[in-house]
Amino acid sequence: MQKMLLRYSVLLMLLWTSCTKLDEHPESVLITDNFYQNGDQANAAVTAAYRKLYESGQSLYNSLFQIGVEMATDDYEAGPRARNAHVRAISGLTHDASNDRMEQLWKQSYDAINVSNIAIDRIALIKKENITDALRTRLTNEAKFLRALHYFNLVRWFGAVPLVLHEPASLSPEALYVEKAPEADVYAQIISDLTAAENLPAPAEYGANDIGRATGGAAKSLLAKVYLTRKDWTKAAAKSKEVIDSHWYGLFENFADVFNVAKKNGIEHIFSAQFQGNSGYQGNSLASRSAPNEVPGINGDYADALHKQGGLYESFGEGDTRKAVTFITQMLSPTDGKLYTFEPHLNKYYDPAVVGNQGESSKNLPIIRYAEVLLIYAEALNELNGPATEAYQAIDAVRQRAGVARLQDIAPGLSVDNFRDSVFQERRKEFVYEYQRWFDLVRRGPDYYVKVLKAAGKTLAAPRHIHFPTPQRELNLNPKLKQDPLWVNY
Amino acid sequence: MLRTNILAWIALSMLYLLPLLATAQVPTTPLINSHLTGRVVDARTHEPLPGAIVNIKGTTHGVSTDAEGRFVFVTGQKFPYTLIISYIGYRRIEVTATGGHIEIPLEATQSQLNDVVVVGYGTRKKSDLTGAIASVSGPLLKQPVSSFDQALKGAVPGVQVTQTSGQPGGGVSIRIRGGSSIQGGNEPLYVIDGFPIYNSTASPGILTGAPINPLAGINPADIESIDILKDASATAIYGSRGANGVVIVTTRKGKADRNTVSYEGSYGVQSLRKKTDLLDATDFAKLRNEALYDANPAKGPSQYLTPEQISQLGKGTDWQDAVFRTAPVQNHQLSVSGGNTKTRYLLSGNYFDQQGIIRHTDFTRLGIRANVDAQPLDRLKVSASLSVNKSDADVAPSGFITSLLQMPPTATIYDPNGGYTLRNPFENIFANPVATINEQENKSTTNRLLGTAFAEYSLLDGLAVKVLFGADVNNTSEKNYIPSTIYEGVQTKGSAARGTYNAYSWLNENTVTYTRSVARHSFDVLAGFTQQEFKSDIVRAGAQNFVTDDLSYNSLQSGATLVRPFADATNWVLHSYLARVNYNYNSRYYFTASIRTDGSSRFGKGNKWGYFPSAAASWRISNETFFKGATHVVNDLKLRASFGTTGNLEIGEYQSLATLYSLNYLFGKNMATGFAPSRLANDHLGWEKTYQYNAGVDAAFLNSRLLFTVDAYYKKTTNLLLNVEIPWTSGQTSSLQNFGSVSNKGIELSLSSRNFTGAFTWNTDFNISFNRNEVLKIGNGAQSYISGNYIIQVGKPLGSFYGTVTDGILQTGEESAKGKYTGNAVPKAGDRLYKDINGDGVFTTANDRTIIGNAQPDFILGLGNNFSWKGFSLSVFLQGSYGNKILNSNQQSLELFTGQQNAAASARDRWTPSHPSETMPRAKLDPAPVFSDRFIENGSFLRVKSVSLGYSLPKSAIGKISAVNVFVSGQNLLTWTSYTGFDPEVTSGNNVSPGTDLGIYPVSRSVSAGVRVTL
């Protein structure tokens, strides 16, 4: 009897051992190895890559561009509510390699690139029977478009950067430590990705549920901008002309419609970061960052301010319809009904549908829009052949829409240099608060950047500022990485 | 629970004894020479002791006391004769009987060598221990605390207990022999009546502010004893969960033939130890004027208020007075216990209600317990212990203390229309703290059922099989509502959120024990297999934009804006095999060896199983023949040494897998869901391994009146579970890897002395412990990494503060010479100067930092004195910590002198042209906060942790009632410290950044009175 009991209990113990397994089978989370099996999952992988344009909080196209980049221009500064020392450092050009906002530019861009890389690599492995060729190609090209966009930003911010095109295979040093690729190599990859993405559908080919995805037009437009940045004027002119001649795009009659929620993804919008308030961290936070805080019931942050000495506000002519869309100086308080007057505040993303809660603004952020294609065309033509009629026509289309006199009428026969300045001045006024200014300044070289910033009272501007330093953290963690030569001693 | 086995065994032997005694008396008519009646009572409480054995010395004649503690001797012995009275848990005494009625007080044995301590999967006599184990019982467990872990403060050496929040029901952080993990869990494993629990504060994530301590769901009054396993010999039997030490909690059991009903109730009041010294309205207005003038001199010196307006201000609003209060705490405990030798039971009910010293915060617990032990067959023992508790808490929302301190005194609680002033009226926006605490609803409710049951069958003499099952069910629901009438709710127009967390864990343990003594050899063997599985899920939902605040969080569907719901589920499995052998030769040489192998689901697929062996030996020198001559001075002397390996697996679930997380993006009007990877997979992820060496000496002097224990240990933890930073170019920030190493070494000393025995007793217990912690290795050859205000650096202890060093104030005329040491682009007289640590000729916050202090103490100590005289008892317990630094983060904000928020009283000494202070900087509207040694304060303290005065009413006064005890007690009555914050007992919890006081709910001081009645 006792022996039996003993045996039984031993048996019982052994039985139990085999009951539950130690392998983890999470119920609430998915595992990389079990995912990416069909068209829907491929789609989800690419959706994630889109979301990496911005996430909650201070993220790339939501406000990080403003905080981490645009503050370092003649047009903006850290506003009264931008309390953070790192933000103020960028605004005052005292930032160094451990500036955390600038670190975020690097970090978030590579995060986004990684998500695109995974999509590109894993979608290629999906079995033929689980995905159509058309969908596979399209999704892969969308991911390539996004990857190119992020590398284009990175190479302009940091110069030479590591060119990572695949998810790290392991945690080994060989897989994790990547050295910088020369700028030319990075640009070659950008151009290769965008060239593939040119095969994406035309805007009209997407159904209502796919609006906002990258299109062939977006790829061509971005490619034109890449060529322009590379001073490859011929290709920049040709590619922008291709976009113009496609007749997929045009200008809104009213400049205000560019920032009209009802006209989202309209004729002029080539590619935008999509925002939608009250849907879970998808509001455009620039709206609250720029809104005034002293008006009761508006609850603005006023963290993004105009840099007054830069003279941007004053540069707008009286008839310029962009001025009233871009800035605001008076507001009615929804609480006490009084009219408040204040210094000019940026206003492009203020959403009247969410008064007092601008963090939930539904306004999209234009990444590239048709007005820019026209200005790229004008600039490229000017550099190629001087300000020909076609160049004047392109810039004047933008000016006329804004309600200002045609350049052809007030300044015909400009020199190449003067026409170039006119294009840049037009870009400055057209794209206020659209993350273009810093790129436009550094595009013209260190001397130009330093001259403009010093004139605007940012006296600490120096040639190194045409790049951001490679984050110190990355230098510490990756022995193959070297600091940008411009920043070695800072 | 296993302690009851011993009791059962004793009860059983008594059962055999009694008939023998009876038969001895029956045959012949005895000669009656004397008639003696008496009563045996507890010397301190005067409670009767039923079942005590009374023998007449030199005879076999003995009786046991009845339920009232009474006994009767009718014998042939003539007076006077000597009685020997013995009772388990009490000192055996001899009393001379001369006739009549005799009242015999027995003294409870405290920390006696014959005490039984609970070890993992068994019990041992204290004298037989080979490992380092400390026990807590007696007065310390009677402190009026919301959770038992709070009662461990200062109780035993090597255990550091720090409050993470003074919120009623709030948590404590426990480090046994220092923290050994950087990013894994550092809290010990709790084993409650055999059920292992890691005290994680998992919650639905709705509650803001301090989390509620899950252990607060267990009634401290139900606890009989707490044993703390410290060295590897003791903890290795818990394998991959033993590295942080093990706290074994044993709840009370019924005692045979001692049916009692007892009630204990207490009521107390608590208050804040000290307010933080801030500016009043007049001084604040002057500060603001100065800051504004400094920023914009063109507008003149009275940009905020004119001197006339300022003279009208007076003191303004004292925001601290508006929320701190004297708050009641009450505790009621009713228990019924008893039984016979076959079956014993204890039933108890408990109600605890602690209002917080901040308005609208409280914690209540309602609980019942049933513990039953039975022996249905001679060879079968069964036992069950079950508790069900419901606790409710109202918690101060996060950020509350910070805004309380920073709210300007010129602001008023209400606006002229009678509504709340919404927020700080100045540039630094935060909500009115009074509105927050009054109007925000922030509640947590937990129902917890914890129970174990076992059956033990004795197959042969000495061979027993035991099967134990246990379950821990924890359902927590949290609710939060932010009404539209307060600042936090203005934008959302009312925000409601609810969440539930359901956790369920079951346990099965199957063990075999074999005990045998052959001649001078005795040994026992334990072997077993155990398995535990845990499942939890979380659901959260919320809504915003309500038409009315009346519905609070009770009607989410009424909100116009829905918040994206959330659900999550996790589980883990742990399978273990364990074995242990104890051997002793002639009570002189003791050896223990144990091993446990754990298989955990949490680790990488290539690394599921780990092995945790230990070995220990001790030598009881006092039992050697050569020592006999010394035993009149040193009556017990033992040397101990142990070595072993333990692990830590507190990393959460699924950390080795490349899991995906979901994100959303909008295409057209269509919300699409995407998935992206959260991390890179790590198939090799395993546990942290801790190797620990321990050597100790136990000595007893002067007939055990002086007990002395000293232990020295060295603990090295390797394979640290570290979120190793990896280059961002990988797409990830970090990867959890087994990297790095930390060591702890230290000395622990405890001294227990019975200074006076007899009618007046005085016992002293003292303990002191020194721990030194050092980071040995981190990450990929890195020497250090900075984490906020801390640095983790090889060769330095964890908790090292990393900041700048102040160097006085820039004075007028020094701008060009010393201005570069202010860190300001445009230096001005009155700016704070900092040391140029790296010597590059300029100060920058990023590059001129150094280690400016450490949060770990040089030593901690506890000192208890217990006195008793007649019915009176007094216990005074002191607790202290020396050498630890606290980062007073509250003060850092309060010394910004921006005029945008209130400032510390030190602002009165700020630099002005007419008052060129050398210590405090000028008013400045827009300063960059710089973390410096200015805010590192000495956190040393010594405090009267608890004082308790009790009186047991004499028998004559209480009639048929067995015992009535009245008591008054105080907690934290006196504190000696130079720390300027609310209270020095404060920590921010985790091991990377301990010792920061930022908006932590302060610990209170309390006085209470109560009564204990036993029927």
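Chain naming here is simple, since letters A, B, ... match the order of the sequence lines and numbering starts at 1 in each. Because only heavy atoms are used, hydrogens play no part in the values below, and waters and symmetry mates are left out as well, while side chains stay in.
The part of A:Ala85 that comes within reach of chain B is its side chain, from C-beta onward, which places non-hydrogen atoms under 4.5 angstrom from that chain. The part of A:Arg81 that comes within reach of chain B is its side chain, from C-beta onward, which places non-hydrogen atoms under 4.5 angstrom from that chain. For chain A, the nearby part of B:Ala846 is the side chain; its heavy atoms alone come within less than 4.5 Å. For B:Thr844, no part sits under 4.5 Å from any heavy atom of chain A, backbone or side chain. In this structure, chain B has heavy atoms under 4.5 Å from both the backbone and the side chain of A:Asn299. Using a 4.5 Å cut-off between heavy atoms, A:Leu481 makes no contact with chain B at all. Neither the backbone nor the side chain of A:Tyr206 has a heavy atom closer than 4.5 Å to any heavy atom of chain B. Only the side chain of A:Glu167 comes within less than 4.5 Å of a heavy atom in chain B; its backbone stays farther off. Heavy-atom distances place the side chain of B:Tyr661, and not its backbone, under 4.5 Å from chain A. Heavy-atom distances place no part of A:Thr335 under 4.5 Å from chain B, backbone and side chain included. With a 4.5 Å cut-off on non-hydrogen atoms, A:Tyr36 touches chain B through its side chain but not through its backbone. Proximity to chain B (any heavy atom under 4.5 Å) is shown, for A:Ile113, by neither the backbone nor the side chain. Looking at B:Glu509, neither its backbone nor its side chain comes within 4.5 Å of chain A, counting heavy atoms on both sides. For chain A, the nearby part of B:Leu657 is the side chain; its heavy atoms alone come within less than 4.5 Å. Within the 4.5 angstrom heavy-atom criterion, only side-chain atoms of A:Asp96, from C-beta onward, approach chain B. With a 4.5 angstrom heavy-atom cutoff, B:Asn664 touches chain A via backbone and side-chain atoms both.
Between atom CH2 of residue A:Trp106 and atom CH2 of residue B:Trp728 there is a gap of 10.0 Å, rounded to the nearest 0.5 Å. With rounding to the nearest 0.5 Å, the separation of CG in A:Asp301 from CD1 in B:Ile429 is 6.5 Å. In this structure, the separation between OG on B:Ser730 and CG on A:Leu477 is 9.5 Å, given to the nearest 0.5 Å.
The residue among A:Ser98, A:Gly92, A:Pro26 with the most heavy atom pairs within less than 4.5 Å of chain B is A:Pro26. Of the listed residues (A:Arg51, A:Gln108, A:Gln41), the one with the most heavy-atom contacts under 4.5 Å to chain B is A:Arg51. When each of A:Thr94, A:Leu30, A:Asp111, A:Asn265 is checked for heavy-atom pairs under 4.5 Å with chain B, A:Leu30 comes out on top. With chain B as the partner, the residue from A:Gln282, A:Gln276, A:Lys264, A:Glu55 showing the most heavy-atom pairs under 4.5 Å is A:Gln282. Heavy-atom pairs under 4.5 Å with chain A were tallied for B:Arg602, B:Lys669, B:Arg564; the largest tally goes to B:Arg602. When each of B:Asn428, B:Val490, B:Thr733, B:Asn545 is checked for heavy-atom pairs under 4.5 Å with chain A, B:Thr733 comes out on top. Per-residue heavy-atom pair counts under 4.5 Å with chain B were compared for A:Leu171, A:Asp210, A:Asn476, and the maximum is reached by A:Leu171. Contact tally against chain B (heavy-atom pairs below 4.5 Å) for A:Glu27, A:Gln274, A:Glu103, A:Lys107: the top residue is A:Lys107.
Residue A:Lys52 comes nearest to B:Leu663 through the heavy atom pair CE-CD2, 4.0 Å, listed as atom of the first residue, atom of the second, then distance. Closest non-hydrogen pair, A:Ile118 versus B:Pro677, comes out as CD1-CG, 3.1 Å. Of all heavy-atom pairs spanning B:Thr729 and A:Pro162, the tightest one is CG2-CG, 3.8 Å. Minimum interatomic distance between A:Asn478 and B:Pro727 (heavy atoms only, all atoms of both residues): CB-CG, 4.0 Å.
Side-chain contact check for B:Leu680 versus A:Pro168: some heavy-atom pair is nearer than 4.5 Å. Side chains of A:Leu176 and B:Gln732 form no contact here, defined as non-hydrogen atoms less than 4.5 Å apart. The closest side-chain heavy-atom distance from A:Thr32 to B:Leu660 is below 4.5 Å. The side-chain heavy atoms of A:Leu53 and B:Tyr665, taken from C-beta on, include a pair separated by under 4.5 Å. For the pair B:Gln491 and A:Val354, the minimum side-chain heavy-atom distance is 4.5 Å or more.
Listed for the A:Arg473 side chain is no donor-acceptor partner under 3.5 Å among the backbone atoms of B:Glu725. Panel note: side chain A:Thr47, backbone B:Gly674; no donor-acceptor pair is recorded below 3.5 Å.
A:Asn278 pairs with exactly one of B:Val563, B:Leu562, B:Thr561 by the side-chain contact (heavy atoms from CB on, under 4.5 Å) rule, that one being B:Thr561.
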Test ring-ring contact (aromatic ring centres under 6.0 Å, His included) applied to A:Tyr50 and B:Phe667, step by step: CA-CA 10 Å; A:Tyr50 277 101; B:Phe667 293 117; 5.0 Å; yes
